[in-house]
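Everything numeric here is computed off the predicted structure, so don't read it as measured data. All residue numbers in this chain count up from 1 along the given sequence. Side chains included, hydrogens not; waters and symmetry mates left out as well; all remaining heavy atoms used.
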Amino acid sequence: HLNFEVLPGLSAGTTVPAYAGIEIGSSHTEVDVRGEVDWAAVAAAPGPLVLHATSGHLAETASALVEHGMAPQTPVAVTVRGTTRQQRTIDATLATLNNAASELVGPLVVTVGKAVEKRAKTSWWESRALYGWTVLVPRTKEQAGEMSEKLVMHGAIPMEVPTIAVEPPRSPAQMERAVKGLVDGRYQWVVFTSTNAVRAVWEKFGEFGLDARAFSGVKIACVGEATAEKVRSFGINPELVPSGEQSSEGLLADFPPYDDVFDPVNRVLLPRADIATETLAEGLRDRGWEIDDVTAYRTVRASPPPAETREMIKTGGFDAVLFTSSSTVRNLVGIAGKPHARTIVACIGPKTAETAIEFGLRVDVQPEIAQVGPLVEALAEHAAHLRAEGLLPPPRKKSRRSR
């Protein structure tokens with residue numbers, strides 16, 4: 001697994017000012033001031049200046065340009081780590097340039113001229129809701145990708161910490177009997193409570209040389225839209241997805257009672273995790289169904305993360321943490337400790353939020369729809385609201401997190 005970041009395949013002199021929100025136009029002058037410079041020619045050049053420098057060149061650059069006729073109040077923007085998620089832009093003038101940006105480390109792109117004045121309105125990269133936030137993604141390795149991708153779109157820096165490992169059940173006999181029952185027409189319904197359950201059944205199908213045709217005549221219910229999408233990816237459209245809350249309770253609210261006239265079979269297959277609650281099975285029995293409650297997979301606690309990550313969790317090094325199940329809450333606290341009070345806690349649904357509260361966490365964000373996309377969107381909206389209320393500083397890369 002290799003972490004990478006895609007950067008624009010254009011020159012830094014053109015791209016970095018654009019990412020800083022500066023429209024430099026087609027006629028600009030680009031100069032590397034780290035070598036010999038004809039300052040008179042540079043100061044007299046038409047259009048904005050785009051200078052390549054380090055912090056050690058800023059004092060000389062400012063004084064030389066003023067000496068050769070540029071006004072001390074000429075606006076300047078200094079960008080470090082341009083076009084990456086660590087980009088940071090500082091606004092100054094030639095008079096304040098050295099004091100404002102002298103602490104920046106590494107290659108700098110310095111944009112000089114009136115075009116810089118509009119940056120406050122046109123800055124688009126650094127003004128995203130979660131820009132520069134370090135967000136903890138405690139998930140299984142297989143499931144972290146989608147969430148991290150959506151966080152990156154909002155400017156965040158996700159850090160994935162596996163808290164759960166998914167393993168096959170200790171004894172495969174239960175699942176083998178369940179698959180045979182599916183083929184033999186033993187079930188009227190199959191109820192999937194997670195994408196892992198869907199995956200486990202399909203893997204078992206593969207072992208027996210079966211495919212989606214094994215579901216012929218069987219109705220499929222899914223606890224939520226993410227699980228339904230996983231079923232659809234195998235070419236099957238589920239009959240039932242909750243119209244309201246995407247949870248066991250929401251599914252039960254819509255689930256039809258057994259009807260001995262219209263239902264040829266009274267049995268439901270419920271393939272689930274070994275630690276799932278009994279809410280769903282009991283509710284289905286109350287509606288007259290016989291339940292085959294089968295362990296399709298086991299969720300086990302992952303190994304603890306590195307000491308540095310555990311320290312970040314405990315000391316508030318993460319701006320936010322996103323929980324997608326009760327087990328991610330339990331396991332993160334178990335392997336790494338409770339997130340610091342300043343870390344914003346977002347939970348995908350009511351059950352997850354309930355567990356977080358039981359562990360003494362303050363739940364700040366919960367989306368209306370229990371899916372990864374709405375969860376990330378809800379966090380971004382929360383951050384934007386806090387910033388609008390003046391409860392957060394402007395987004396910037398915090399030095400404590402520069403790695």
Are any non-hydrogen side-chain atoms of Leu280 and Leu284 less than 4.5 angstrom apart? yes
Side-chain (Ser123) to main-chain (Ala120) donor-acceptor, under 3.5 angstrom: no
On a heavy-atom basis, the closest approach of Ile357 and Val363 is CG1-CG2, 3.9 Å
dist Glu30:CD -> Thr111:OG1 (nearest 0.5 Å) comes out at 9.5 Å
Quick check, are the ring centers of Trp124 and Tyr19 under 6.0 angstrom apart? yes
More than 12 heavy atoms of other residues, nucleotides or ligands under 6.0 Å from NZ of Lys204: is that the case? yes
Side chain His68, main chain Ala64, donor-acceptor under 3.5 Å: yes
Non-hydrogen side-chain atoms of Thr96 and Pro72 separated by less than 4.5 Å: no
Can you see whether Trp125 has Arg128 sitting over its ring - NZ or CZ less than 6.0 Å from the centre and within 45° of the normal? yes
Other residues, nucleotides and ligands only: do more than 12 of their heavy atoms fall within 6.0 Å of CD on Glu239? yes
Report yes if the side chains of His52 and Val109 come closer than 4.5 Å at any heavy-atom pair, otherwise no. yes
Looking only at heavy atoms, the pair that brings Pro169 and Ala296 closest together is CD-O, 3.3 Å
Side-chain contact test, heavy atoms from C-beta onward, threshold under 4.5 Å: evaluate it for Arg232 versus Pro238 and give yes or no. yes
Among side-chain atoms of Tyr297 and Ser194, is any donor-acceptor pair under 3.5 angstrom? yes
Could you tell me whether Asp184 and Arg186 make a salt bridge, using a distance below 4.0 angstrom between a side-chain N and a carboxylate O? no
Which heavy-atom pair separates His154 from Val376 by the least distance, and what is that distance? CD2-CG1, 3.8 Å
Please list all pairs meeting ring-ring contact (aromatic ring centres under 6.0 Å, His included) that have one or both residues in residues 321-362, counting only residues at least two apart or in different chains. none
Rounded to the nearest 0.5 Å, what's the gap from CD on Gln246 to CD1 on Ile348? Could you check? 9.0 Å
What verdict does the side-chain contact (heavy atoms from CB on, under 4.5 Å) test give for Leu65 and Leu49, after you've listed the backbone C-alpha separation in whole Å, the side-chain angles of each residue and the deciding distance to 0.1 Å? CA-CA 11 Å; Leu65 290 174; Leu49 299 176; 4.1 Å; yes
Check: Ala20 main-chain N/O paired with Arg119 side-chain donor or acceptor under 3.5 Å: yes
Heavy atoms only: give me the nearest Thr343-Asp364 pair and the separation to one decimal. O-OD2, 4.1 Å
When you measure from the side chain of Arg88 to the backbone N and O of Leu104, does any donor-acceptor pair fall under 3.5 Å? no
So, Arg285 and Glu282, do they make that salt bridge, N to O below 4.0 Å? no
Calculate, to the nearest 0.5 Å, the distance between atoms CE and OG1 belonging to Met159 and Thr134 respectively. 6.5 Å
Grab the two heavy atoms, one from Val191 and one from Phe255, that are nearest each other, plus how far apart they are. CG2-CE1, 3.9 Å
Regarding Glu146 and Lys230, does a basic nitrogen lie under 4.0 Å from an acidic carboxylate oxygen? no
Heavy atoms only: give me the nearest Glu245-Ser247 pair and the separation to one decimal. OE2-OG, 2.6 Å
Look up atom CG in Leu182 and atom OG in Ser216, then write down how far apart they are to the nearest 0.5 Å. 11.0 Å
Between the side chains of Glu126 and Gln87, is a donor N or O closer than 3.5 angstrom to an acceptor N or O? yes
Do Leu97 and Val78 have side-chain heavy atoms sitting under 4.5 Å apart? yes
Treating Arg310 as the side-chain partner and Pro305 as the backbone partner, does any N or O pair qualify as donor plus acceptor under 3.5 Å? yes
Do Pro271 and Val190 make a side-chain contact, defined as non-hydrogen atoms from C-beta onward lying under 4.5 Å apart? yes
Taking the side chain as C-beta and beyond, is there a heavy-atom pair between His57 and Arg34 under 4.5 Å? yes
Step-by-step side-chain contact (heavy atoms from CB on, under 4.5 Å) determination, Val294 to Leu269: CA-CA 7 Å; Val294 174; Leu269 174 61; 3.7 Å; yes
So CZ of Phe215 and OH of Tyr187: to nearest 0.5 Å the spacing works out to 11.5 Å
Evaluate the side-chain contact (heavy atoms from CB on, under 4.5 Å) criterion for residues Ile344 and Phe318: first the C-alpha distance (whole Å), next the side-chain angles of each, then the deciding distance (0.1 Å), finally the verdict. CA-CA 8 Å; Ile344 289 171; Phe318 288 101; over 6 Å; no
Between the main-chain N or O of Thr315 and the side-chain N or O of Arg342, is there a donor-acceptor pair closer than 3.5 Å? yes
Report yes or no: does Arg267 contribute a side-chain atom to a donor-acceptor pair with the main-chain N or O of Glu290 at less than 3.5 Å? no
Residues Lys351 and Glu249 bridged, charged N to O under 4.0 Å: yes
Rounded to the nearest 0.5 Å, what separates atom CG in Asn98 from atom CG in Leu58? 6.0 Å
Evaluate the ring planes of Trp189 and Trp289, with Trp represented by its six-membered ring, and classify them as parallel (under 30°), tilted (30 to 60°) or perpendicular (over 60°). perpendicular
So, Thr79 versus Thr89: side-chain donor-acceptor pair below 3.5 Å or not? yes
Hey, is the main chain of Met70 close enough, under 3.5 Å, to the side chain of Thr74 for a donor-acceptor pair? no
Taking the side chain as every heavy atom from C-beta outward, state whether Arg85 and Val152 have any atom pair closer than 4.5 Å. yes
Chi angles and distances behind the side-chain contact (heavy atoms from CB on, under 4.5 Å) call for Leu322, Met147: CA-CA 9 Å; Leu322 299 177; Met147 180 176 284; 3.5 Å; yes
Less than 3.5 Å apart, any donor N or O on the side chain of Glu160 or Ser148 sitting next to an acceptor on the other? yes
Other residues, nucleotides and ligands only: do more than 12 of their heavy atoms fall within 6.0 Å of CD on Glu103? yes
Checking the side chain of Asp263 only, and the main-chain atoms of Asn266 only, is there a donor and an acceptor separated by less than 3.5 Å? no
Under a plain distance cut-off of 3.5 Å, with no hydrogens placed, do Asp274 and Thr295 share a side-chain donor-acceptor pair? no
Do Thr355 and Thr352 have a side chain donor and acceptor closer than 3.5 Å? no
Could you tell me whether the side chain of Thr15 and the main chain of Ala12 form a donor-acceptor pair under 3.5 Å? no
